[in-house]
Amino acid sequence: MPPSAPATSKRGSAKAATERVAGIALTHPDRVLWEGQGITKRDLARYHEAVAGHLLPHAANRPLTLVRCPGGSGTSCFFAKHPWAGLDPAVEAVRVGDDEAVAVRDPAGLVALVQAGVLEIHPWGATLADPERPDRLVIDLDPAEDVGFDAVRAAALEVRGRLEAAGLVGFLKTTGGKGLHVVAPLVPRAGWEEARAFAAALAGSMEHDAPSRFTHASRKAERTGRIFVDYLRNTRGATAVAPYSPRARPGAPVATPLAWDELTPGLRPGDLTVATVPARLAGSTRDPWEGFAAAARPLPTSLERGATPRSSRSPPPPASRGGASRGA
DNA sequence: GTTTTTT
DNA sequence: AAAAAACAACGCCGC
DNA sequence: GCGGCG
């Protein structure tokens, strides 16, 4: 045996081999992404495999804004919304109007995001097929530091009731933080401007009726003791965290869909994590958001007053974008 | 996490 | 060859 | 236009 032959070369040495999940090569599979829970990159990839069936209906084939933290949740993170160097083919580079965006369509796409260091997934409220017409409305309830969770629960019910009064069906999810989201599926007909106006009117009416409880102003100083009813998720290019997306925060919390009867005093959103949510899904025969797609309704023309008289069937989005709106 | 530049 | 640096979003609101 | 905000 030639002594020159390196007995232990790169081959079979200490270097951790990359491995595959859902067909995607994962480098540094043992890297810990959430220190407190010891959740690794491999764990996160398997999490996505487990929840893909529930996550993809809300995140696939939509423009995405991503939160990437290659070194883990405790390190510096950055947003990404454009295709990047080294992008895996399982992640699609797409054109939306004048901009380039990224999208996924299957579990491999989700795992490819994990490989890129993505911890959070924030999809548009519209699909690639019809990016100018939102197919969901999101009301984000964000409590000030000094507001208890019981008030947030009450606020969610309040939003649900107001949506219902407008003919829409609200679905509930945790955000992974201290707030809640109420999401209403829409038949994509109205444009972003109408969606924004509707959500603003809803938030405004809540503040009008209970100014001590709600504000629709985002300034922190305006919020003390109140819940910020954030309607700005409903503008073109804006996003809200996806159902079943993890958050890059201590504890590895997950934005988790809930049935309305789960909105109890004992609810602890922090218990819904990358570690616990897969078991919750596997152990329950019922999807908390069952019927979501079937509940889609067109956005009402107006919330209650201030109807915007327009020819009823005029083109929804004049689409001030996309250079070439094949103009009628 | 990837790519490019510097030592 | 190893280390360091550069890069990775954006729109709305109020002033 | 700039800072605050998510």
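Throughout, a chain's letter reflects where its sequence line sits, starting with A, and its residues are numbered from 1.
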Separation of A:Leu66 atom CG from C:dC10 atom P, in whole Å? 13 Å
Contact class for A:Ala238 vs. all strands (heavy atom < 4.0 Å): base, sugar-phosphate, or nothing? nothing
Where A:Arg189 and A:Arg133 come nearest, the two heavy atoms and their spacing: O-CD, 3.0 Å
Once you round to the nearest 0.5 Å, how far does CG of A:Leu64 lie from CG of A:Leu128? 8.0 Å
Of the listed nucleotides D:dG6, C:dC13, B:dT2, the one nearest the side chain of A:Lys220: D:dG6
A:Trp260 reachable from A:Val183 in the ILVMFWY side-chain graph, under 4.5 Å edges: no
How about A:Asp43 and A:Thr40: does a side-chain donor come under 3.5 Å of a side-chain acceptor? yes
A:Leu232 has an atom CG; how far is it from atom C1' of C:dG14, in whole Å? 12 Å
Taking every non-hydrogen atom, the tightest pair across A:Val104 and A:Ala59: CG2-O, 4.4 Å
Rounded to the Å, how far apart are A:Glu207 CD and C:dC13 P? 14 Å
Would you kindly give the CG-to-C1' distance between A:Asp98 and C:dC10, to the nearest whole Å? 15 Å
For atom C1', what is the distance between B:dG1 and C:dG11, given to the nearest Å? 27 Å
Among C:dC13, D:dC5, B:dG1, which is the nearest nucleotide to the side chain of A:Lys41? B:dG1
Nearest-Å distance for atom pair OH/P, residues A:Tyr231 and D:dG6: 14 Å
In this structure, how many angstroms lie between the C1' atom of B:dG1 and the CG atom of A:Asp88, rounded? 12 Å
Examine distances only and state if a side-chain atom of A:Arg20 and a backbone atom of A:Gly23 form a donor-acceptor pair shorter than 3.5 Å. yes
Consider the side chain of A:Thr27, meaning its heavy atoms from C-beta on, and name the nucleotide among B:dT3, B:dG1, D:dG6 that approaches it most closely. B:dG1
Taking the side chain as every heavy atom from C-beta outward, state whether A:Leu141 and A:Glu158 have any atom pair closer than 4.5 Å. no
Roughly, in whole Å, what's the span from CZ in A:Arg223 to P in C:dC13? 15 Å
Pairs under 3.5 angstrom, nitrogen or oxygen only, protein versus nucleotides 2-9 of chain C, please.
residue : atom : partner : partner atom : Å
C:dA9   : OP1  : A:Lys81 : N            : 3.0
C:dA9   : OP1  : A:His82 : N            : 3.2
C:dA9   : O3'  : A:His82 : NE2          : 3.4

Is there a side-chain polar atom (N or O) of A:Arg233 under 4.0 Å from OP1 or OP2 of C:dC10? no
A:Asp230 CG - D:dC5 C1' separation (whole Å): 9 Å
For the C1' atoms, the ones on B:dT4 and on C:dA9, what distance do you get once it is rounded to whole angstrom? 22 Å
